[in-house]
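The chains referred to below are lettered A, B, ... by the order of the sequence lines, with proteins before strands, and numbering in each begins at 1. FYI, side chains are in, hydrogens and waters are out, and symmetry mates aren't considered; it's all heavy atoms of this structure.
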Amino acid sequence: MIELLRRIVFTTVLVALGGALGTPTVAGQMGTPAASPVAMTGTAAAYMTIANAGSEADRLLGGTTDVAQVVEIHEMADADGMMQMRPLPDVLEIPGGGEVTLESGGLHIMLIGLTRDLENGASYELTLEFERAGEVTVVVPVQPRAADGESDITTAGELTISGAFTRPAPMLGDQMGMHGGMESTPAGTPTS
Amino acid sequence: MIRSLLTRRFAIGTADLGWLKLAALVPLLAILTGCGTSYAFSGSVIDPARSAPEIALADQERRPFSLEDYAGKAVVLYFGYTTCPDACPTTLSDYLAVKEMLGDRAEDVAFVLVTIDPERDTSERLAEYLAFFDPTFVGLSGTADEIAATARNYGVSYARVDYPESATGYLMDHTTLTYVIDPQGRLRLTYPEDADPADLAEDLRHLF
C-alpha cells in the first residue's frame with residue numbers, strides 16, 4: 001500500500017514538474033556527467049530564495065563550489081510521511097516577476113562529495129550559473145537553521161538571492177569509492 | 001462530595017452532551033481529582049504505549065546494541081543515512097539543540113540513528129559521521145536483513161532508488177519520523193521532521 005502511494009505521489013510530482021518546467025528530460029543536464037567518478041565523501045544541501053525582478057524567466061543551469069565535487073539540484077517530496085529525494089530532471093526555472101524558494105523538504109542544491117567539513121559558523125562560496133544572469137557567486141553561511149532576521153543578499157542583474165545557508169555536515173572518508181560498497185563488509189557484522 | 005458531583009456531571013454528560021463534550025470533560029476531571037497530569041505532550045502519543053521492539057544491531061564501535069542497556073533512560077530514535085543531505089542533517093542538528101536544552105537531563109537521554117543504507121554506511125562511516133555532530137550519538141547498522149527487520153518493527157518504510165544520472169548513484173526514500181522510547185522501555189511518542197526541538201526537549205523532561 002505504501003509502495004503504491006509512493007508511486008502515485010512520485011508520478012504526481014513528475015507530472016506537476018512537467019507542467020511547471022516543460023517536458024522533463026530523462027538525461028540529467030545538471031552537474032557532472034554520470035561517468036565521472038565521485039568519491040562519496042559526504043553530502044550537504046544549500047538553501048536560499050532566488051527572486052527574479054525581470055519580466056522574463058531565468059533558469060538555473062548548474063553550479064560549482066570548492067567544498068564539493070559535484071553540485072546538483074534535488075527535490076524532496078513528502079509521500080505520506082516518507083521523504084523522497086530525487087535529482088531534478090531539468091533546469092530550475094525562476095519565473096519573471098516571481099521567486100523560487102529552496103528549503104528543507106522541498107528543492108535544494110545538493111553538494112555531493114564534500115572536500116572539507118562544513119563546520120557551524122563557517123561559510124563557503126557557491127557559484128551558480130544562470131542562463132540570463134550568468135555566473136553568480138553566493139557566500140553561504142553554515143548554520144543549523146535558517147536565519148531569523150536579515151541575511152546576506154546577493155544581487156546579479158534582475159536576480160536577488162537571499163537567506164542562503166547550509167546545515168553543518170562532515171566530510172567523510174571514502175571507504176567504498178563511487179557507487180560502491182557492493183563488496184564491503186556490512187556494518188555490524190560480528191567481528192569476533 | 002466533589003466526586004459525587006463529578007460523577008453526576010459525568011452521567012449528565014453521557015446522556016445529554018454527547019461524546020465530543022464528554023471528551024473535553026475528561027482532562028478537567030483528571031485535574032480536579034488529581035488522578036492525572038495536566039501536561040499535554042507535543043509529540044504524537046502512542047496510546048496505549050507498548051513495549052519498544054528490541055533493536056538487535058551493532059553500534060559504530062561494532063558493539064551489540066540492546067535497549068535493555070538503556071532502562072531508566074529515554075531513547076530518541078531516528079532512521080536515516082549518511083549520504084542524506086537534507087532530512088538527516090536537519091534532524092541531527094535539531095537533536096544537538098535538544099541535548100543543549102536538556103542540560104543535565106541530557107545524560108539520561110540517548111540519541112540513536114539507525115542507518116537504512118547499510119550498503120554504504122559501514123560502522124566506520126557512521127562513527128565518522130556522528131563524531132562530527134556529537135560523539136555521544138549512537139549509530140546503528142547491521143546486515144540488510146537486520147535493518148529491514150528493525151525498520152519493519154517500528155513501521156519505518158524505506159526504499160533504494162537508483163539515479164544513474166546523479167553523482168549520488170542512488171538515494172534512499174525513507175520515513176523521517178523521530179521515535180521516543182520512555183525510561184520504562186515503552187514506545188511513547190513520535191515527531192515529524194519539522195517538529196520544534198523545544199517541544200521535543202520539553203516532552204523528554206516530562207518522561208522522568
Query raised in the report: For B/F133, is it the side chain, the backbone, both, or neither that has a heavy atom closer than 4.5 Å to a heavy atom of chain A?
Result: side chain
Report task. Count the heavy atoms belonging to other residues, nucleotides or ligands that lie under 6.0 Å from CG of A/D66, then report whether that count exceeds 12. Result -> no
**Report entry** side-chain contact (heavy atoms from CB on, under 4.5 Å) evaluation trace for A/H74 with B/L171
**Finding:** CA-CA 11 Å; A/H74 286 218; B/L171 296 163; 3.7 Å; yes
Query raised in the report: If you check every heavy atom in residues 71-84 of chain B against those of chain A, which residues fall under 4.5 Å?
Result: B/Y81, B/T82, B/T83, B/C84
Requested in this report: Using modelled atom types only, decide if a donor and an acceptor are shared between the side chain of A/E72 and the backbone of B/S166 within a distance under 3.5 Å.
Outcome: no
Query raised in the report: Given that the side chain runs from C-beta out, which part of B/E193 has a heavy atom under 4.5 Å from chain A: side chain, backbone, both or neither?
Result: side chain
Query raised in the report: Which residue out of A/G113, A/A169, A/A45, A/A44 racks up the most heavy-atom pairs below 4.5 Å with chain B?
Result: A/A169
Requested in this report: Go through the atoms of A/L114 and report whether side chain, backbone, both or neither lie under 4.5 Å from a heavy atom of chain B.
Outcome: neither
Report task. With a 4.5 Å heavy-atom cut-off (strictly below), which parts of residues 122-131 of chain A touch chain B? List them by number. Result -> none
Query raised in the report: What part of B/A131 gets closer than 4.5 Å to chain A, counting heavy atoms only: side chain, backbone, both or neither?
Result: neither
Report task. Answer with side chain, backbone, both or neither: which region of B/D94 has an atom nearer than 4.5 Å to a non-hydrogen atom of chain A? Result -> both
Query raised in the report: Are a donor atom and an acceptor atom from the side chains of B/T90 and A/R167 found within less than 3.5 Å of each other?
Result: yes
Report task. Inspect the surroundings of CD in A/E119 and state if more than 12 heavy atoms from other residues, nucleotides or ligands are less than 6.0 Å away. Result -> yes
